[in-house]
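Structure first, commentary second.
Start at 1 with the first residue, then count along the sequence. Only this structure's heavy atoms are used, side chains among them; waters, hydrogens and symmetry mates stay out.
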Amino acid sequence: MASPWQSKRNREAKCGQNQPSIPPQKDAYARLLSQHRSSKFSSYLEQYAKEDQVANDFSDSSDFSPSSMKSKGEESSLSLYMEKLSTRSAHQDCERKQGVSDRQRRGQRRDTTTSHDGDIESGEELCSFKPYESKKHQKQQKKNKDSNRDATSKEANSFVGHPKSPKKAITGEQEQEKVKKSKKKNLPKHPEEEENREGTLSGVDTQIKASCSSLLAPNANSPAVKSKNKRGGSKKQVFESYMTSEEVSHGLKRGELIQGQLRINPKKYNEAFIPSPDDTWDIFLDGIVARNRALNGDIVVVQVLPREQWKVNCTSPLNYMSQRTRKSTHVNPSVVYIVEKKHSRAVTGFLKFLPDKRFAMFSPVDHRVPRINVPLDDCPENFSSRHGDYNTTLFICRITDWAGDSYFAEGRLAKTLGQAGEIEPETEGILTEYGIDFSEFSDQVLDCLPKNLPWTIPPEEMRKRRDLRNECIFTVDPATARDLDDALSCKQLPDGNFEVGVHIADVSYFVEQDNILDAVASQRATSVYLVQKVIPMLPRLLCEELCSLNPLTDRLTFSVIWKITPEGKILSEWFGRSVIRSCVKLAYDHAQSMIEAPDKMFAAEELPPVDPVHPIDEIHQAVLNLHSIAKNLRAQRFSGGALRLDQSKLSFMLDKETMMPQGCYVYQYRDSNKLVEEFMLLANIATAHHIYRRFPELALLRRHPPPKAKMVDELQELCDQLGINIDFSSAGALQKSLNNTLGDDEYSSARKEVLTHMCSRPMQMALYFCTGVLKEEQVFKHYALNVPLYTHFTSPIRRYADIIVHRLLASSLNCGPHLGLSTEEVEKQASHCNNKKTVSKRVQELSTELFFGVFVKECGPLDSEAMVMGVLDQSFDVLVLRYGVQKRIYCKSVGGLDSFQHRKVGKKSELTLVWTPEEQEKLPVEQIISVFTLVEVQLKADSVPMKYSAVLKRPDNSRL
């Protein structure tokens, strides 16, 4: 009975019939012998024929089974090896001669470092005691060699590139069958992965010598080899070594290097970008090797060719502006230095048990992060014996190292979170990944707070302040708010004008400069608002008690008070430290009820507790007066060229005990919200002018750059093709365009929201900055508000930037110490606040997604109308109108779809979906998908915890 190896040879021989003959292998064999006549090489060949455990290390190891080797009898080891090369070459040539290219045969190449399900894609990665070594060797060879090298040399590299397997030899036909079955299990699941099974060499003559020599070296795990690897010896580098800081500094000065923040595409993790120096286009980094171990958000330095050698690749993969037009160099640019590791290096994910390994494989939920080798000692005690019990357990892992010769990082388990799909473990994972400090405040921090509770304002402090405790002052906040940092007052004057006050919690009184409380607050920089809780910037004693402007309690404040006409013209202005006593805590609903019922007499039971000194009617009238003035201020702002891009915000109703979502709704932005917003904006603008006048080199302001010109041009072209009249010449012009209704039917508001979302894509983030760093006042401007100077003054309980502004204000008024910071230190803190604000916003979005995923799972499927926001070649994005969420629908996953076709004219993209007829005698139904198309979708929970999909429903005739 022929051995499996012989059988395969016979099949390959048949395949090779009627094909041109390949060059005889004995020529290469003779050359090999002439180069390797040493006794050491001969002994190696004899050893090769005997050591059956070598078979376990080959990706195509069925050709090297122990029985096949024994059946060769008197045949020499080297001839056996070369015959193996010959038959493999014949088989490959047979496929090529039939017109099948390597790329077609193997499938489209893709990055195999991280799979979509977080699992290991190729058994070859785990073949050696030090994993993935041979894979890295092969990939590095592939990168530098031509794709159509000689097949014989490919096999040579595949053979010599693997160190010996530590597994025990298996003998006997029964055991051999087990080996064959296990090899089948380890074969790649996708044809494209076969590409990773083979290496390339320039020729048998030049490469086998070096490769065979490496096999004659000591064991890969020996101290000698380890030492050699550390010195950059035999182990191939996957990533380039980083430049030195001096080289980077010189390269940046000469313009040979570019610094920027790395952005990795969350949907295609092999794509990454950094902005160009002028921020008008992107530099495209292709693949994880080009990223050189940098993670999303890191500040990196990239090496590119001189500008005159650039090859521009103008492709807009997201036709509706989700990314900027890409420009890439002819030779792929790569990261050569990491300036700052903004990514926390902490990730959530799952553990995978690897038999016979001293480590486990950690698969991050975020596919932009590499898989991580974790020591088994870090894993739960019974993980090796009961690893199946942990399949759905969520862990936190911290990357500790990522060597240049490995596609995999090294890490340590930080914590076991709990079951995936549960809100608290998932929330903790989000906070940890994004570096949010949610630990309890230390005793040293708490020692900075007042000790004698309940605390009262010292008499000497009272004498330094303006006493406003008898004024009608009140707060207006969300019903669940506990950190009340702003209050309003409005008193009509005998001359018909009004005295309007904005009163902000005086946090800087409690947070003294340079103590440990100040240090912790500056590091946290912002409170983080999740659906179910708040991660505070300050200890709760300050946030919810001593600083919070709670009703019927004396509180320290910073006030700005204007004398203002009913039309909103400011006649005078006063800044100073004060003391207030809020008479009532109004929710937005209460204020809205007062606005909508101006003549109603509100009963005490309809409102929260009210200070008897101030009748309800007085409070009601103050709200109405503020509303009237706010409308005039708002009208003036927008007529003066301001812009507001409103987007849907999802809110939840939670069970008070379990904190699970019981319902959700799109938050309504009403007149009561606008009332508060107008006076907060007015106070922030006034404060910006005041501190800039007094401290032109030290003021902490907030600027908003204009939108990116290239993205605006592309969006303008798209709108023109859609027949939408949009003017992007200024913020005010854009606002006027958006105010023009897109039709007068029930879906006009939905169309406006889709258009608003499209217009928000070119917009840049607003940024804190120090005025002493930017010398041109023109760049101080806030684009959306259309004001020359702006800052944040009104929320010091939750924003550290506001505390710095309060200190500047106090110093300017001679009622506080001078700010003990230099221009550079203020700018550094401003940059940190920018980063923390961006992270906080993202965490808040993820918290909303998390809760909505739970809601869909518990209450779904959910049906809703949806409007198309953008169209790609194989998918489209929709705004789900009932819930205000955005989802992508992939055509290939739509059930009942017979085919689809993409068409693009200019910037306008369109999909034609062909639905299979429900009855055989009927014709297929066509559905056109373009921007503003109305469709029916169903939101359904996925098998992955907390995830859900939008399923496109078959259209009825009214939708076509």
Mark yes when over 12 heavy atoms from residues, nucleotides or ligands other than [X] sit less than 6.0 Å from its [atom1]; otherwise mark no.
{"X": "Q721", "atom1": "CD", "answer": "yes"}
{"X": "K736", "atom1": "NZ", "answer": "no"}
{"X": "K892", "atom1": "NZ", "answer": "no"}

Self-check item: Worked check of salt bridge (Lys or Arg N to Asp or Glu O under 4.0 Å) between E714 and R761
Solution: CA-CA 11 Å; E714 293 182 356; R761 294 183 183 277; over 6 Å; no

Could you check whether any side-chain heavy atom of [X] comes within less than 4.5 Å of a side-chain heavy atom of [Y], counting everything from C-beta outward?
{"X": "L952", "Y": "Q927", "result": "yes"}
{"X": "D863", "Y": "K953", "result": "yes"}
{"X": "D671", "Y": "Q592", "result": "yes"}
{"X": "E573", "Y": "H689", "result": "no"}
{"X": "V502", "Y": "L488", "result": "yes"}
{"X": "L682", "Y": "I570", "result": "yes"}
{"X": "F728", "Y": "P707", "result": "no"}
{"X": "V528", "Y": "Q844", "result": "no"}

Quiz item: Do K907 and D713 sit within salt-bridge range, that is, some charged N less than 4.0 Å from a carboxylate O?
Solution: no

Quiz prompt | Salt bridge flag under 4.0 Å for residues R644 and E677 | solution =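 Salt bridge between R644 and E677, a charged N being under 4.0 Å from a carboxylate O: yes.
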
For the residue pair [Y] / [X], report whether a side-chain donor-acceptor contact shorter than 3.5 Å exists.
{"X": "H757", "Y": "Q886", "answer": "yes"}
{"X": "Q716", "Y": "D720", "answer": "yes"}
{"X": "Q764", "Y": "Y783", "answer": "no"}
{"X": "S949", "Y": "D942", "answer": "yes"}

Practice problem: Let me see the working for R842 and E845 under salt bridge (Lys or Arg N to Asp or Glu O under 4.0 Å), right down to the final yes or no. | Solution: CA-CA 5 Å; R842 181 56 184 152; E845 292 168 349; 3.2 Å; yes

Please report the closest heavy-atom contact between [X] and [Y], naming both atoms and the distance.
{"X": "T475", "Y": "A487", "value": "CG2-CB, 3.8 Å"}
{"X": "C759", "Y": "L734", "value": "SG-CD1, 3.9 Å"}
{"X": "L911", "Y": "C891", "value": "CD1-SG, 3.7 Å"}
{"X": "A642", "Y": "Q735", "value": "O-CB, 3.5 Å"}
{"X": "V931", "Y": "M869", "value": "CG2-O, 4.0 Å"}
{"X": "L881", "Y": "A750", "value": "CD2-CB, 3.6 Å"}

Exercise. Give me the ring orientation class for Y692 and F780: parallel if the planes are under 30° apart, tilted from 30 to 60°, perpendicular past 60°.
Key: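 Rings of Y692 and F780: perpendicular, as their planes differ by over 60°.
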
Practice problem: Look at the rings of F851 and F652 and say which category their plane angle falls in: under 30° parallel, 30 to 60° tilted, over 60° perpendicular. | Solution: tilted

Counting N and O atoms only, with roles assigned by atom type, does the side chain of [X] sit under 3.5 Å from a partner on the main chain of [Y], one being a donor and the other an acceptor?
{"X": "H704", "Y": "A784", "value": "yes"}
{"X": "H902", "Y": "Q874", "value": "no"}
{"X": "N673", "Y": "R670", "value": "yes"}
{"X": "D802", "Y": "T794", "value": "yes"}
{"X": "N834", "Y": "L767", "value": "no"}
{"X": "S672", "Y": "Y588", "value": "yes"}
{"X": "S847", "Y": "V531", "value": "yes"}
{"X": "S628", "Y": "N625", "value": "no"}
{"X": "K887", "Y": "Y948", "value": "yes"}
{"X": "T771", "Y": "A699", "value": "yes"}

So how far is it from [X] [atom1] to [Y] [atom2], rounded to the nearest 0.5 Å?
{"X": "R703", "Y": "L785", "atom1": "CZ", "atom2": "CG", "value": "14.5 Å"}
{"X": "H627", "Y": "E596", "atom1": "NE2", "atom2": "CD", "value": "9.5 Å"}
{"X": "K491", "Y": "N497", "atom1": "NZ", "atom2": "CG", "value": "13.0 Å"}
{"X": "K752", "Y": "S737", "atom1": "NZ", "atom2": "OG", "value": "11.0 Å"}
{"X": "L722", "Y": "L715", "atom1": "CG", "atom2": "CG", "value": "9.0 Å"}
{"X": "D873", "Y": "S909", "atom1": "CG", "atom2": "OG", "value": "7.5 Å"}

Exercise. Take R637 and R634 through the test side chain to side chain contact (heavy atoms under 4.5 Å, CB included) and record every step on the way to the result.
Key: CA-CA 5 Å; R637 277 202 311 114; R634 190 176 183 84; 3.8 Å; yes

Practice problem: Check the pair I928, T933 against side chain to side chain contact (heavy atoms under 4.5 Å, CB included), reporting the backbone distance first and the verdict last. | Solution: CA-CA 8 Å; I928 306 299; T933 297; 5.7 Å; no

Quiz prompt | Test: K649 cationic atom under 6.0 Å from Y669 six-membered ring centre, within 45° of axis | solution = no

Practice problem: Would you kindly check if the NZ (Lys) or CZ (Arg) of R799 is within the cone defined by 45 degrees around the ring axis of Y768 and under 6.0 Å from the six-membered ring centre? | Solution: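 Output no; distance or angle outside limits.
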
Quiz item: side chain to side chain contact (heavy atoms under 4.5 Å, CB included) between M867 and F932: does it pass, once the steps are laid out?
Solution: CA-CA 6 Å; M867 187 167 283; F932 301 130; 4.1 Å; yes

Exercise. Apply side chain to side chain contact (heavy atoms under 4.5 Å, CB included) to V623 and L586, showing your working.
Key: CA-CA 10 Å; V623 171; L586 296 177; 4.1 Å; yes

Quiz item: How far apart are the C-alpha atoms of Y883 and F852, what are their side-chain angles, what is the distance that settles it, and do they pass the ring-ring contact (aromatic ring centres under 6.0 Å, His included) test?
Solution: CA-CA 9 Å; Y883 302 103; F852 191 65; 5.4 Å; yes

